[in-house]
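The next block holds one structure in the form of structure tokens; read it before the comments.
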Number of protein chains: 2
Amino acid sequence: MLDERAARETVVAAADRLFYARGVQSVGMDAVRAEAGVSLKRIYSIFPSKEDLVVAVLALRTRQWTRGVERAAAGAATPRDRILAVFDFLDAWFREDGFRGCAFINSFGELGATSPRVADAVRAHKEAFGDHVLGLVRDAGLPDPVALQVVLLVEGAQTTAAITHDAAVAREARRAAAALLDTAEARNP
Amino acid sequence: MLDERAARETVVAAADRLFYARGVQSVGMDAVRAEAGVSLKRIYSIFPSKEDLVVAVLALRTRQWTRGVERAAAGAATPRDRILAVFDFLDAWFREDGFRGCAFINSFGELGATSPRVADAVRAHKEAFGDHVLGLVRDAGLPDPVALQVVLLVEGAQTTAAITHDAAVAREARRAAAALLDTAEARNP
DNA sequence: GATGGGGGAGAACGGTCGTTCTCTCCTTGT
DNA sequence: ACAAGGAGAGAACGACCGTTCTCCCCCATC
């Protein structure tokens, strides 16, 4: 049998697969049970409600996103390259089978209006990423507003890639980001 | 009593308000009936299923979006200004009460995986807008890829404004777009 | 070896949803 | 005046969903 920690991880991973592929409300708890191989009773002993499970799934996605961005940045020498590395990370992600856009944006559109906890989780995730980019922008000696410009390209790339299924979006977003960084640098001391 | 045309418009407008505010699956057909003041029997005589109603709502949103973009562009003298006018349109929209992001992105995240008709409607809308921007970019004598860069900023601005509730996003997106147009122009013959 | 508690399988429960049906009323045409 | 048909109100239906409960088995402890 699985201890609570392992059962929790199994259920969250299974729910993530299903929620991401089909949307949250289209997936019943019984489908989660079948995918995870963990009984409903056990699931409800770990997550008091479906909403708790959704929040846990988003927390998992935040950890994965943060790790991915950090790994992509690890191979970059300068702050500027660490910013652009985000788009390389996106490029690889967009090419994965079953890519269906940003889970946070999807969840926000579906549940943001009815579940404050989900809305808060999404906002916290996006704010943390924005802060991360802001740090990189400052490291590069560029003005703060450039960070928001980069974030807009990241968000736009995710939604556009999800809808068009065209991974080339990431390359164009990277080129645009590079141009924006160049412009900001030229206008700086 | 309302003739079919008027009843249809009333129902679509009511459904649009509810779907946009709460998400499609969170709104039952009975809530649409109450909001529209049109009986369920009548609604189902016009729209054979809820999915048909959703598609009709998206078609309404496409008309509104196209009209808004065209009106914003009408006051602009050059192709470049017509491109940037899109962001002024966004700015006004983001400030509206009840703004909750792009209905197409929201619907795609919620239903795209389970309803091919909804997914197609969203794709068609985004493709039409992309073509529109491409036309403006060509009018401005700029290379095609710039259009995708502008589109990414538009999409990113919508999702970011929805989540952060910060209308200043539109201004920064406009500045970024202007910088990208400048860069593209400088690199052109 | 008895016992008790945790876990699995799945039925059960209360609620909601999309869709259809019933019943009644009102209009319209002759 | 009367038949016919469309439309409204709302009940009804079948399906599903989130959540809980029942029943049974297994294993650890005395």
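Throughout, protein chains are lettered first and strands after them, A, B, ... in sequence-line order, and every chain is numbered starting at 1. Note that the structure is predicted; figures quoted are calculated from it, not measured.
Within the structure, the side-chain hydrogen bond (donor to acceptor under 3.5 Å, both in side chains) test picks out the following pairs touching residues 128-145 of chain A (sequence neighbours left out): A:Arg138-A:Asp144.
Separating the CZ atom of B:Arg42 from the P atom of D:dG10 is a distance of 18 Å, rounded to the nearest angstrom. A straight line from CD1 of A:Ile43 to P of D:dC17 spans 14 Å, rounded to a whole angstrom. Rounded to whole Å, atom C1' of D:dT19 lies 13 Å from atom CG of A:Asp52.
Atom CZ of B:Arg71 has 12 or fewer neighbouring heavy atoms from other residues, nucleotides or ligands inside a 6.0 Å radius.
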Using a cut-off of 4.0 Å between protein heavy atoms and nucleotide atoms, how would you tag nucleotides 12-27 of chain C 5' to 3' with B, S and -? ------SBB-------
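Every residue was checked against the salt bridge (Lys or Arg N to Asp or Glu O under 4.0 Å) condition with B:Arg22, not counting sequence neighbours, and none meets it.
For the pair B:Glu155 and B:Lys126, the salt-bridge criterion is met [side-chain N within less than 4.0 Å of a carboxylate O].
B:Val151 places none of its side-chain heavy atoms less than 4.5 Å from the side chain of B:Leu134.
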